[in-house]
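Notes to accompany the following structure.
Every value quoted in this text rests on a predicted model; they were computed, and no experiment measured them.
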Amino acid sequence: MGMSRLRLDYNPNDKGQIKYRLNFNYLDSENEQLVDSYYNDQKNSFRNVNSEQKNYSLSQTLSYIRKVGRDDNVGLYFRHQYQKDTPDYNVLSTANPFSSFNLFKNLSQVNNQYNINQDQNFVLNTVQLYGIYNHLLTNTSNLKIKVGTNFSTQDFENKIYDFQKLMNDNSLITNTDLDYNETFADVTLTKKLGNFQVDAGAGVSFFNEKSKYQDGEKLNRSETKFLPHLNLQYKFNNATSVRASYSQSYSYPYTKDFNDSYTIQSYQSIFYGNRNLRQALTHTASLNFSHFNSFTFFNIFANLSYTLQEKSIQTQSVLNRDFIISGNDTIVNNYQFNTLINSGNNQETYSGYFMIGKRFAKWYNARLTGNISTSNYYTITRNIEYENGVVKNDDLKDVNNKSFNQTYNLENSFTFKKKFELKAGVNLNLSKYQSLSEQKFTNWRPYGEAAWSATSKLLVQTDFSYRLQYRDGVEINTAKEWNASARYNIAKKTYLTLTGGNLLGNNVIVSNGFNDNYISTTTKNVLGRYFIVSLRYKF
């Protein structure tokens, strides 16, 4: 990977300034997975999955801000983003991974193996032009007007090969273009009344979308949206304040989401888009309280937020389980078809965060943080079971997906004579997921960090943590992690560092997750003990 950044600032006079920012990122990643499948404790198939992705991303911003008179200023902005993704995907399998799917039933078989390749190319090009005008009405009120336009072009291509031979069915060849334009205006009025401040405003946006698909069909959609927003703030004093806000926004599908040809997501899933997919309206409301006392060194912050999505973009899945029986052998293929729909059920998310900190002495601080969130939404799931290609069971239902997550962290910090620093704490994570099944996860992680400035030139650092993980009350993993480093200033601007990682040799990381019908527990093998020697010169 590579990253670069360029910054240019120019101030021709005290009334104007010009800024330019350029960022460029490049990433080339490869991933290989070896997958064994079992049925009744007997291995029945093997897959070798390879994926490679190259990503190019360039973003640049040019702005000019000028003060006009005593009470006005104008800002002109230009933003440009270019992104190109070229992911390649290959599955080499001893069993047909999508055996009940008609388009893949007649895949070639060489040496008892199937070979599927997929090449994708996605290009995004976006230009945004807008201006902001600020007018100070009085010493306690201000008017801000924002007007602009967005232009976006997206191109998505996808091809699937059977042993390097192009599968030329129209349902497997993708070439979709999307041209998107938004023209918008927004007005915000700010008024301050004593300790109370109000920011109230509304925006209007005109959207136009033009789509072109591989079968030659063209769609043109236009609509106008009204987006109000409000922000309220009250300061009790310089240390204590409360803030409430409300806003509306829209989430937009990408070209990939509109495309209704088949693309492979993984060796277990195939995706096809929805040409009728529309924007989803999101309502966001929040309330927060903050207090900091610089005399007692006590601070507290709390935030509550609520998100409601109308016509939210959700997954609709067809889950397939194919039993292929040959003599005494049974091969079971599990795969699914996924698409996106605008759900008739709203999606709701509640979240809360708090932080309480206190300095009890010059050498001792304590801080407690907590993060709580819950979400509730629906997906549509159809379960189909086959036996040698014949449907044996077909079940369609709405699935209510719920999640409830809690994370708490207590940390104690000690400083001794500005030479030695110690942090000791404990982290607790509680998760509950409910979909086609229900599971609970509990993760405890006591930890400690230390830094010792042994001399004016030598700095020694180390950290240790102990992780205990449970699923439905049953222990699924324990892990000890220990890292250490020593940095020596061998010259005025030259540093030599020795780093030792994973010194206890822990080689397993377990994580859990939840996404549209599936609750997953993932075990990863990680790099064992390693040592790095680095030499750095600071200009």
* Taking all heavy atoms of Asn338 and all of Gln265, pick out the closest pair and write down the distance. => ND2-OE1, 2.9 Å
* Structure fact -> Scanning both residues in full, the closest heavy-atom pair of Leu76 with Gly131 reads CD2-CA, 4.3 Å
Taking the side chain as every heavy atom from C-beta outward, state whether [X] and [Y] have any atom pair closer than 4.5 Å.
X	Y	answer
Glu411	Tyr447	yes
Asn400	Asp398	no
Val74	Ile132	no
Thr478	Tyr466	yes
Phe531	Val533	no
Leu232	Val242	no
Tyr353	Ile372	no
Gln314	Asn401	no

Looking only at side chains, do [X] and [Y] share a donor and an acceptor under 3.5 Å apart?
X	Y	value
Asn25	Asn55	no
Asn409	Thr369	no
Gln347	Asn345	no
Tyr20	Gln60	yes
Ser266	Gln268	no
Asp72	Tyr133	yes
Ser205	Glu182	yes
Asn142	Asn134	yes
Asn346	Glu348	no

Looking at [X] and [Y], would you say the former's side chain and the latter's main chain have a donor-acceptor pair under 3.5 Å?
X	Y	result
Asn483	Asn502	yes
Thr138	Ser141	yes
Gln469	Val510	yes
Ser435	Ser437	no
Thr374	Ser403	yes
Thr381	Ser317	no

Contact list for [range], test salt bridge (charged side-chain N to carboxylate O under 4.0 Å, His left out), sequence neighbours left out:
range	result
residues 529-538	none
residues 480-497	Arg467-Glu481
residues 351-379	none
residues 438-460	Lys432-Glu438

Taking distance alone, no hydrogens or angles, what donor-acceptor pairs closer than 3.5 Å link side-chain atoms of residues 243-255 to residues at least two apart or in another chain?
unit_1 : atom_1 : unit_2 : atom_2 : d
Arg243 : NH2    : Gln233 : OE1    : 3.2
Ser245 : OG     : Ser286 : OG     : 2.7
Tyr246 : OH     : Gln248 : NE2    : 2.8
Tyr246 : OH     : His283 : ND1    : 2.7
Thr255 : OG1    : Gln154 : OE1    : 2.7

* Can you list the residues that meet the side chain to side chain contact (heavy atoms under 4.5 Å, CB included) rule with Gln461, with sequence neighbours excluded? -> Ala451, Leu459, Ser485
* **Listed partners of Asp88 passing side chain to side chain contact (heavy atoms under 4.5 Å, CB included), at least two apart** => Asp119
* For the pair Tyr306 and Tyr350, name the ring-plane relationship: parallel under 30°, tilted 30 to 60°, perpendicular over 60°. => tilted
* Please state whether the rings of Tyr234 and Phe236 are parallel, tilted or perpendicular, taking 30° and 60° as the class boundaries. => perpendicular
Using atom types as modelled, flag every donor-acceptor pair under 3.5 Å from a side chain in residues 185-198 to any protein atom, sequence neighbours excluded.
unit_1 : atom_1 : unit_2 : atom_2 : d
Asp186 : OD1    : Gly203 : N      : 3.4
Asp186 : OD1    : His229 : NE2    : 3.0
Asp186 : OD2    : Thr188 : OG1    : 3.1
Asp186 : OD2    : His229 : NE2    : 3.3
Thr190 : OG1    : Asp199 : OD1    : 2.5
Lys191 : NZ     : Thr140 : OG1    : 3.3
Asn195 : ND2    : Lys235 : O      : 3.3
Gln197 : NE2    : Asp199 : OD2    : 3.2

Considering only distance and modelled atom types, tabulate donor-acceptor pairs under 3.5 Å from the side chains of residues 62-69, sequence neighbours left out.
none

* Structure fact -> Applied to residues 3-12, the side-chain hydrogen bond (donor to acceptor under 3.5 Å, both in side chains) test, sequence neighbours excluded, yields Asp9-Arg21
* Going by the ring-ring contact (aromatic ring centres under 6.0 Å, His included) test, which pairs reach into residues 70-90, not counting sequence neighbours? -> Tyr77-Tyr130
* **Pairwise distance OH(Tyr408) to CG(Leu430) - rounded to 0.5 angstrom** => 7.0 Å
* Show your working on side chain to side chain donor-acceptor pair (under 3.5 Å) between Asn31 and Ser29 and close with a plain yes or no. => CA-CA 7 Å; Asn31 181 50; Ser29 63; over 6 Å; no
* **Listed partners of Asp472 passing salt bridge (charged side-chain N to carboxylate O under 4.0 Å, His left out), at least two apart** => none
* Yes or no on side chain to side chain donor-acceptor pair (under 3.5 Å) for Asn371 and Thr407, after CA distance, side-chain angles and deciding distance? -> CA-CA 5 Å; Asn371 200 330; Thr407 301; over 6 Å; no
* Asked: Could you go step by step and tell me if Ser290 and Ser241 meet the side chain to side chain donor-acceptor pair (under 3.5 Å) rule?
  -> CA-CA 6 Å; Ser290 63; Ser241 66; 3.1 Å; yes
